[in-house]
There are 2 protein chains.
Amino acid sequence: MKADIPHPPDPQESLGVLLGLVRSELVRAMEAELASKGLDLRFTQFLILKRLGMLGPMTASELARAVELDGGAMTRQLDHLEGKGYLRRCPHAQDRRALRIELTAAGEALWRELTGCNERVLAAAQRSLGETERRRLHDYLERVLHALRDKH
Amino acid sequence: MKADIPHPPDPQESLGVLLGLVRSELVRAMEAELASKGLDLRFTQFLILKRLGMLGPMTASELARAVELDGGAMTRQLDHLEGKGYLRRCPHAQDRRALRIELTAAGEALWRELTGCNERVLAAAQRSLGETERRRLHDYLERVLHALRDKH
DNA sequence: GAAGAATATTTGTCAAGTCAAATATATTCT
DNA sequence: AGAATATATTTGACTTGACAAATATTCTTC
């Protein structure tokens, strides 16, 4: 993510920089939380397992779109996670091009652990925001996202 | 950033994912804006030039901290930008270890162009937010950032 | 003022992501 | 049906950033 350096002052950062800072701190915090539980998982891998845990088996491309990851990168992450025994590539019943990615028992168990980590980190991150403020933050971010996607 | 794929539905994304999505769209939008002006600059390079333009000459490490970039990565970005003639590495008057990075005339000119791009993209991104909401968004993000940094 | 600790820069190595090409299969159109 | 087009997955080449080691210089402390 970045080198471990003292925090710079941040007097009125632009939105782009600020978003980057918040995200990288969040990723760092999440990876630290995972490491403290003895889990060797990167943030991307956590996201993949989370998706599968929450939404059930799906195609590799669906997964890739869901976590905003390139198809090639997804293939390699699946190799990795399959190698660790957390998921399985099964043939897809309707589409012989596609794969059905599903969690193994170990993957399900891991996912249950991950849920806790995730909640703790998010709670810590938002601890200075009230309920209304959290909803607003979410709302604003979604509106910015839509504004960027639906150009003009 | 990511492959060019149709936008997935995003029903109640978690904060981590949402931040990533917004940031990557913003970066993509900014790079597209730069490209449309015929400029071949990545987002990181834009950030570096912006810092130098706004704050004046500074050390390579100050610059690295300011844009949250690793020192090694900064060296290579400086190589690149110096090669393109946008900046110069000068000896530092007080500290012989350090460099004084300053924009060339071409760099200054480029910076003036960049300012416009930056403002257009940020305005587009926030166009659905009112003045109060923009301030709130900024405020919330900074509070989240501080919460993550000052653990407990 | 000299030893030790800290900082600035550069370089090598590695991990992860993007892009483009290759292959296999589905879908659409005529 | 057959052709053209689109999608799913994999792989290789390339880029970028993180981390660690090396070197030069400055700061601290005894």
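The chains referred to below are lettered A, B, ... by the order of the sequence lines, with proteins before strands, and numbering in each begins at 1.
Residue B:L137 holds its CG atom at 6.5 Å from CG of B:L129, rounded to the nearest 0.5 Å.
For the residue pair B:E68/A:S24, the side-chain donor-acceptor check at 3.5 Å is satisfied.
Pairing for D:dC19 goes to C:dG12, judged as Watson-Crick or G-U wobble with the two contacts each under 3.5 Å.
In this model, the phosphate group of D:dT26 is approached by a side-chain N or O of B:R96 to a distance below 4.0 Å at OP1 or OP2.
The residues A:R134 and A:E131 are annotated as not salt-bridged, no charged nitrogen and carboxylate oxygen being separated by less than 4.0 angstrom. A salt bridge is absent between A:K37 and A:E113; no separation between the charged side-chain nitrogens and carboxylate oxygens falls under 4.0 Å. With salt bridges taken as basic N to acidic carboxylate O contacts below 4.0 Å, none links A:E62 and A:R65.
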Worked check of salt bridge (Lys or Arg N to Asp or Glu O under 4.0 Å) between B:R143 and A:E133:
CA-CA 11 Å; B:R143 281 157 68 189; A:E133 293 172 323; 3.0 Å; yes
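A:R100 and A:P57 get closest at one heavy-atom pair: NH2-CG, 3.4 Å.
Not one N or O on the side chain of B:E119 forms a donor-acceptor pair closer than 3.5 Å with the backbone of B:G116.
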How does each nucleotide of nucleotides 2-10 of chain D score, in 5' to 3' order, for protein heavy atoms under 4.0 Å: base (B), sugar-phosphate only (S), or none (-)?
----BBSSB
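Rounded to whole Å, atom P of D:dA20 lies 10 Å from atom CG of B:D70.
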Are any protein N/O atoms closer than 3.5 Å to N/O atoms in nucleotides 14-16 of chain C? If there are, list each pair with its distance.
{"from": "C:dA16", "atom 1": "OP1", "to": "A:R42", "atom 2": "NH1", "distance (Å)": "3.4"}

